[in-house]
Amino acid sequence: MKIITWNINSIRLRLPLLRRLASELAPDVICLQEIKTPEAHFPFSEVSDMGFVHIALSGMKGYNGVAILSRLPLMEISVREWCGKKDARHIAATLPDGTRLHNLYVPAGGDVPDAGENDKFAHKLQFLDEMAEWGAEEKRHPRRILVGDLNVAPLPEDVWSHRQMLPVVSHTPMETERLVAAQKAGGWIDLMRCFTQPEQKLYTWWSYRAHDWRASNRGRRLDHIWCSPEVAENARFCMPVPEPRSWDRPSDHVPVMAEFSLP
DNA sequence: ATGGTTGTGCGACAA
């Protein structure tokens, strides 16, 4: 079974890229973030025509929005409110083998890494703390996967320059310590890091603002696939898929794909 | 130190 997570940055604008990704990689499940559309404008028929006839989504106008596109039936679809907001940052479903799948979009947090000055950063820290509390409860599911744009690059090797990124939102110790705490509390395994050397740089996002994103290569690993130890035992592969960053009108994030052998 | 780009939807604002 192949699962992809991708911050698509508008599903309506990038339907051709989604179609190409689905065709070239043949995933069974695609988890999207920043679909940026309410359910009323979601392209159900186009996505169904790609083979993803089971669709779970939480959308809103203009911002955020997450969706699970699946060839396999989705059961027990649910959304959770985070930080008391109905802002379409989470959707969950159970796969036919009983695996509980969560798709998350953590707040980006704005530009200033100070919770007193910047409400968006305070919201992000609160969200990460809530992920730790929630994760401890979620441990009751032995088979569980968490994917999404977590908007934090936790390790020094997850950014192009650890030293220069330390004061930059996405890599501050306030964020990285909270993300690692949430990972630990939920008993989550960082699956992408299981399939590469510890010193290997891994990125899933490159800014639109670079003149030449590939030449400057100032990337960050903001997108993640986490799973329980029982699920990790069956993992065959988990890595970023960099090619879509070079396609026409790309998202600034690239997909991450994991492959599992059936238990 | 600054500015750089993209999205929604036609305003700013968010990333």
Atom-to-atom span, [atom1] of [X] to [atom2] of [N] - whole angstrom:
{"X": "A:Trp213", "N": "B:dT6", "atom1": "CH2", "atom2": "P", "answer": "14 Å"}
{"X": "A:Asp111", "N": "B:dT2", "atom1": "CG", "atom2": "C1'", "answer": "13 Å"}
{"X": "A:Asp212", "N": "B:dG4", "atom1": "CG", "atom2": "P", "answer": "17 Å"}
{"X": "A:Asp248", "N": "B:dT6", "atom1": "CG", "atom2": "P", "answer": "11 Å"}
{"X": "A:Asp252", "N": "B:dG4", "atom1": "CG", "atom2": "P", "answer": "18 Å"}
{"X": "A:Lys61", "N": "B:dG7", "atom1": "NZ", "atom2": "C1'", "answer": "14 Å"}
{"X": "A:Leu150", "N": "B:dA15", "atom1": "CG", "atom2": "P", "answer": "15 Å"}
{"X": "A:His253", "N": "B:dA15", "atom1": "NE2", "atom2": "P", "answer": "10 Å"}

Inset, instruction - Verify whether one side chain among A:Glu138 and A:His102 offers a donor that lies under 3.5 Å from an acceptor in the other. - result: yes
Inset, instruction - For A:Ser246 and A:Arg214, test the side chains for any donor-to-acceptor distance below 3.5 angstrom and give the result as yes or no. - result: yes
[M] and [N], which share atom name [atom1], separated by this distance in whole Å:
{"N": "B:dG4", "M": "B:dA15", "atom1": "C1'", "answer": "14 Å"}
{"N": "B:dT2", "M": "B:dG7", "atom1": "P", "answer": "27 Å"}
{"N": "B:dA14", "M": "B:dG9", "atom1": "C1'", "answer": "14 Å"}

Legend entry - Phosphate OP1/OP2 of B:dT6: any A:Arg14 side-chain N/O under 4.0 Å: no
Inset, instruction - Establish, with yes or no, whether the OP1 or OP2 oxygen of B:dG7 is under 4.0 angstrom from a side-chain nitrogen or oxygen of A:Arg249. - result: yes
Inset, instruction - Decide whether a cation-pi geometry holds between A:Arg236 and A:Phe260; the criteria are a distance under 6.0 Å from NZ or CZ to the six-membered ring centre and an angle within 45° of the ring axis. - result: no
Inset, instruction - Determine whether A:Asn234 and A:Arg143 make a side-chain contact, defined as any pair of heavy atoms from C-beta on separated by less than 4.5 Å. - result: yes
Legend entry - pair A:Tyr208-A:Asn9: side-chain heavy atoms closer than 4.5 Å: yes
Atom pairs and distances, side-chain donor-acceptor, residues 120-131 of chain A, under 3.5 Å, sequence neighbours left out:
residue  : atom : partner  : partner atom : Å
A:Lys124 : NZ   : A:Ala108 : O            : 3.0
A:Lys124 : NZ   : A:Asn151 : O            : 2.7
A:Lys124 : NZ   : A:Glu175 : OE1          : 2.6
A:Asp129 : OD1  : A:Arg178 : NE           : 3.2
A:Asp129 : OD2  : A:Arg178 : NE           : 3.4
A:Glu130 : OE1  : A:Cys83  : N            : 3.1
A:Glu130 : OE2  : A:Arg80  : NH1          : 2.8
A:Glu130 : OE2  : A:Cys83  : N            : 3.1

Inset, instruction - For A:Asn9 and for A:His211, find the nucleotide of DNA chain B with the closest heavy atom, then tell me which residue's nucleotide is more 5'. - result: A:His211
Legend entry - A:Asn7 vs A:Ser10, nearer the 5' end of DNA chain B by closest nucleotide: A:Ser10
Distances under 3.5 Å between protein N/O atoms and the N/O atoms of nucleotides 12-14 of chain B, please, pair by pair.
residue : atom : partner  : partner atom : Å
B:dA14  : OP2  : A:Lys120 : NZ           : 3.0

Legend entry - Co-membership, hydrophobic cluster, residues A:Met50 and A:Met1, 4.5 Å side-chain: yes
Inset, instruction - Have a look at A:Arg218 and say if it touches a base, only the backbone sugar-phosphate, or nothing, with a 4.0 Å heavy-atom cut-off. - result: nothing
